[in-house]
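Everything below concerns the one structure shown next.
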Number of protein chains: 2
Amino acid sequence: MKPAEQPLDNQINVMIIEDDELYRESIQELINDCESLQCNHAYESCEAGIQAVEEGFAPEIILIDIDLPGMNGIEGIRHFKQLSPASKSVMLTVFDDDDNIFNALCYGASGYLLKSASSENICQYMTDVLSGGAAMNPHIAAKVLKMFTQYSQPKKEYGLTGREKEILQLLVNGMNKKHIAGELCISLFTVDTHLKNIYAKLQVHSQIDVVSKALKERLI
Amino acid sequence: MKPAEQPLDNQINVMIIEDDELYRESIQELINDCESLQCNHAYESCEAGIQAVEEGFAPEIILIDIDLPGMNGIEGIRHFKQLSPASKSVMLTVFDDDDNIFNALCYGASGYLLKSASSENICQYMTDVLSGGAAMNPHIAAKVLKMFTQYSQPKKEYGLTGREKEILQLLVNGMNKKHIAGELCISLFTVDTHLKNIYAKLQVHSQIDVVSKALKERLI
DNA sequence: TTTTCCATACCCGGATCGCGGTATATTTTT
DNA sequence: AAAAATATACCGCGATCCGGGTATGGAAAA
């Protein structure tokens, strides 16, 4: 896998946001040691980085810590996404808990690297990101996958019949019983009967509960 | 990153499910060329693989194609997960469309590799998977991330006040107005007023709609 | 062929909801 | 200091919902 060679006068601009001075400088050196990358903008806070972007600097990649004084890195992503949508944000942090990962990726981070393991192949990760890939080590990737499976869960089976599922669907779409009856061309009483059966099967006692359960458990 | 060395008599068992004979054999060779891996079980269908597992074979890793005669690979994952929960499934396919990736990962795949790009580092990916990581190239990882951001969208702001959000939360949790009043130690009339304001802000006209909208747009 | 499941339809009484008001006291903003 | 926003509380009417029934015809399963 040979990365496309970048002319020296057209290197990829990487911005670094990291409050620890020593670490910041060491990462900056690492970046500048890669011939395809350069970093002339390294800041100790999101606020400082945001100012630089507002003044017209548009880095291809923003390497950003999470635990920062003032605005944290997750919030930071949102601001950078808004100010400079083309810039790709990559988290670089010691935290590998689900919440931080989840939030960072939800706000549009293009990668999530751990400080512990990143120094060796950071250059490779950066070029991956540039070519539209995502920077993630297998450990983080596994956590992301776990969220997926958790989120899209077992899909419990309550033994709903076809008609019942149909009615559940319309209910979730905001129709009341009368409208559902009209839509399906059946009597309101029939809708009522179906709904009662649905209640029994899902063990709930109101439309609210049904809709809530259906959406939370993705029954529809 | 030095992988733990495996004694030769304790290699990792990889099962292959792939209908194309040539490709199957080439992958099998590739696996057997890795000193830490071995593959004595390569089948042309999920059904055959399932039978092997039912007869007592428990591979550490199952490499499985998607497009198969009979049961497809996505369905296959589900069966293997049930028959041998400890076995990790990795998709190996030419399809890189969102639906296939999404479904595979939802059903608990530990990785998703493209045939085009996997042959070189398949051995590394396998050891990653064994150590709890996920096998994914940056291209696939980026698609997974995109699903994340799509899923957790813009988060519209409707200008709900603190109290209103609180009531919305309780409503989504299945409480009716009377219970909410009790929970918050305020009058039922007050809950009513708040709810009316919520309706106006979200532009809906029933609790169903509120719950549905709140869950769909992840307002809570 | 009998039995069970499914979809259909109806009734009623009490509870709950939706919406139209009005009103007051604090807190925040201007 | 005046204005706006927020949280609180109350009333009544008509619509809707919930749970308890009963009932029938057809399709699927035993």
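Residue numbering restarts at 1 for every chain, and letters A, B, ... go by the order of the sequence lines. Heavy atoms only: backbone and side chains are in, while hydrogens, waters and symmetry mates are out.
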Problem - Inter-end axis angle, the helix from C/dT1-D/dA30 to C/dT30-D/dA1, with every axis fitted to five base pairs (rounded, 10 degrees) - result: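 So the angle between the two local helix axes works out to 60°.
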
Sequence-distant partners of [X], side-chain hydrogen bond (donor to acceptor under 3.5 Å, both in side chains), two or more places apart:
X: B/S84; result: B/S87
X: A/N72; result: none
X: B/E183; result: none
X: A/E54; result: none

Practice task
Walk along DNA chain D from 5' to 3' and tell me the first and last nucleotide with an atom closer than 4.0 Å to a non-hydrogen atom of chain B.
Solution key: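 Footprint of chain B along DNA chain D, 5' to 3': D/dT6 to D/dC11.
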
Handout entry: Footprint string (nucleotides 25-30 of chain C, 5' to 3'): B base within contact, S backbone only, - free, heavy atoms under 4.0 Å
Key = ------

Problem - Residues within residues 158-179 of chain A bordering DNA chain C, heavy-atom distance below 4.0 Å - result: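 Going residue by residue through residues 158-179 of chain A, the ones with a heavy atom under 4.0 Å of DNA chain C turn out to be A/T161, A/G162, A/R163.
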
Exercise for the section: Check DNA chain C against residues 182-204 of chain B and give the residues with a non-hydrogen atom under 4.0 Å, in numerical order. Expected result: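 B/K196, B/Y199 - these, ordered by number, are the residues of the stretch whose heavy atoms sit under 4.0 Å from the strand.
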
Handout entry: Listed once per pair and sorted, the ring-ring contact (aromatic ring centres under 6.0 Å, His included) pairs that draw on residues 186-220 of chain B, sequence neighbours left out
Key =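 ring-ring contact (aromatic ring centres under 6.0 Å, His included) check on residues 186-220 of chain B returns no pairs.
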
Problem - Listed once per pair and sorted, the ring-ring contact (aromatic ring centres under 6.0 Å, His included) pairs that draw on residues 44-77 of chain B, sequence neighbours left out - result: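 Listed once each, the pairs are B/H41-B/F57.
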
Practice task
Under the side chain to side chain contact (heavy atoms under 4.5 Å, CB included) rule, collect the residues that match up with A/K178, sequence neighbours excluded.
Solution key: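 For A/K178, the residues satisfying side chain to side chain contact (heavy atoms under 4.5 Å, CB included) (neighbours in sequence not counted) are A/N176.
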
